[in-house]
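Below, chains carry the letters A, B, ... as their sequence lines are ordered, and counting in each starts from 1. For clarity, every value in this text was computed on a predicted model and none was experimentally measured.
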2 protein chains.
Amino acid sequence: MSAPVLFSLSKDDPAGPALGKLIGADRGEIEVRRFPDGETYLRYGTEVKGRSVILFCTLDRPDEKILPLLFAAATARELGAMQVGLVAPYLAYMRQDRRFHDGEAVTSARFAKILSEQVDWLVTVDPHLHRRGSLGEIYGIPAVAVHAAPLISKWIARMVSKPLLIGPDQESEQWVASVAQAISAPHVILEKVRRGDREVEVSLPAIERWRDRTPVLVDDIVSTARTMIETVRHLKRVGLSQPVCIAVHGVFAGEAYRELLAAGAARVVSTNTIPHESNEIDVAPLLAEGVRTVTKPGLPA
Amino acid sequence: MSAPVLFSLSKDDPAGPALGKLIGADRGEIEVRRFPDGETYLRYGTEVKGRSVILFCTLDRPDEKILPLLFAAATARELGAMQVGLVAPYLAYMRQDRRFHDGEAVTSARFAKILSEQVDWLVTVDPHLHRRGSLGEIYGIPAVAVHAAPLISKWIARMVSKPLLIGPDQESEQWVASVAQAISAPHVILEKVRRGDREVEVSLPAIERWRDRTPVLVDDIVSTARTMIETVRHLKRVGLSQPVCIAVHGVFAGEAYRELLAAGAARVVSTNTIPHESNEIDVAPLLAEGVRTVTKPGLPA
């Protein structure tokens, strides 16, 4: 059987080629460009017939990326690919997983359905699973989520002395606790009240006793960074040292990254699930592990 | 049976409400917005259960519009809509209707398939049917194309004295001839050589004999406007008067509109299939006729 062939739709994203090398995939050539009128042109430059195709496409800004991805998947199939898998280090549309108000689109389920109809399997990093236990409850295809927590623990152990981990909410407690435990650091959880998409208020109970520690704020997705910015300010007010901020997925909408630095973060760090200047932690080895798991014969759907 | 309900996804597009009035549809409320991270939020504010839903969404910039449209269609169905139709005054992805080179995505067929799976019928204005005879060859649902030619003829008859119609290529000859014939005006067809997406060379055989006429350039889609700009310059060189430029679909990529005016067009006019300051010709009555045709009981698929 020939080696799989990996096509990177996330142009200029070094994680694609890095993953390809780790799993022994050939690097496929694909041309994806926009016509002046906004339509996509897509062309495979490498033969896919009879081969196992891996599409690499991280899904921040999903609305503008979905058509090129669907075109790529369908075309690979038309051209005779044996199977078409998707590695999306960041997976979008994980929040709206039910109708919170009458008439709302359940975009999470719908987005999953659209992808599931076009690819045979999916690998991603730490999807934002709110009320769901696993990706398999949403995606109708073999789907593997790999976890960045061990890499984050290692990075903190190497780079931060006497860390105090701070998690953004109750939902994240288990995750933050495991990152902290792996490096025998203490952790606390924010009390937070969200007011709309951009406004948030935070407080940290009895934080003063940790004055000798370096605060390390961790979150799975940092988008507007409102929570982190508020927390950085709160820590300053109560007299703790400048915190390190770590995101698994650094979405950083608009000016969020600059604002977070300006608010007083000592450092802002992310994994490379979304290419960004803050990337410090490489998830390619995790993705490779995910691809090996999902393509292992006999994996249950 | 209750009246159909029309939801406009093309916000601020006056053609949606105008169409609604003409066909006696109720105006539905729908909220469509982007989260800061680029994901779409969508919510129906008007009950759709048991009703005939019409989605109004013109499809210029299709890549960023497709997910909101698919979410709207699927959600209407989940909420119990009896049927979901789509009025897309401009229909994208009509060009790449076969593999011109190995490995290319046939985006025309794929886009049609994606839409056909989510809506029950489609109405559009003058789709760019290259080598295809009808929309039905591409779309697997009842699809009606209405034609702007009579409206364009009327506009020219009212606004331009002694017009000479100029069509961009052999493909358009039949269409241009019918516009010209309706107002007893002469017409000529450009000889044109396209060099890439943006470059084009034109010539007009024996154009000098039409010096007493007002040239009227007509095309179905004006995107980069390269052909029109070259033609305007050519007409100037051979001493004809400043032409009027008419597009059915004024896509006007980037600075195309300003450039066309700067090149010497006396006036640039379009129908309102895509909202633009050049809109002068209202297609709402055509769309109404299309909706009546497509929703007539017994229409063959």
Which residues in residues 38-47 of chain B have any heavy atom lying under 4.5 Å from a heavy atom of chain A? Gly38(B), Glu39(B), Thr40(B), Tyr41(B), Leu42(B), Arg43(B), Tyr44(B)
Sorted by chain and number, sequence neighbours left out, side-chain contact (heavy atoms from CB on, under 4.5 Å) with Asp60(B) holds for Thr58(B), Lys65(B), Tyr90(B), Ile274(B)
Presence of salt bridge, Arg258(B) and Glu255(B), under 4.0 angstrom: no
Test your reading of the model: is there a side-chain donor-acceptor pair from His249(A) to the backbone of Val251(A), 3.5 Å cut-off? no
Please list, chain by chain and in numerical order, all residues satisfying salt bridge (Lys or Arg N to Asp or Glu O under 4.0 Å) with Asp126(B), sequence neighbours excluded. none
Using modelled atom types and a 3.5 Å cut-off, is there a donor and acceptor pairing between side-chain atoms of Ser116(A) and backbone atoms of Gly140(A)? yes
So, Arg98(A) and Glu104(A), do they make that salt bridge, N to O below 4.0 Å? no
For chain B, which of Arg61(A), Glu78(A), Glu31(A) has the most heavy-atom pairs under 4.5 Å? Glu78(A)
Picking from Pro62(A), Ala74(A), Pro68(A), Gly103(A), which has the most non-hydrogen pairs under 4.5 angstrom with chain B? Gly103(A)
With a 4.0 Å cut-off on N to O distance, would you call Arg51(B) and Asp26(B) a salt bridge? yes
Region of Ile114(A) that comes under 4.5 Å of a non-hydrogen atom in chain B: side chain
Of Glu64(B), Arg110(B), Glu117(B), the largest count of non-hydrogen pairs under 4.5 angstrom with chain A goes to Arg110(B)
Partner residues of Ala15(B) under the side-chain contact (heavy atoms from CB on, under 4.5 Å) criterion, sequence neighbours left out: Asp13(B), Phe56(B), Asn272(B)
Choice from Val48(A), Ile66(A), Ile30(A), Ile221(A) maximising heavy atom contacts with chain B below 4.5 Å: Ile66(A)
Please confirm whether Tyr93(A) and Phe71(B) have ring centers closer than 6.0 angstrom. yes
Interface residue of largest heavy-atom contact number with chain B, from Asp63(A), Leu67(A), Thr75(A), under 4.5 Å: Asp63(A)
Gln118(B) versus chain A, heavy atoms under 4.5 Å apart: side chain, backbone, both or neither? side chain
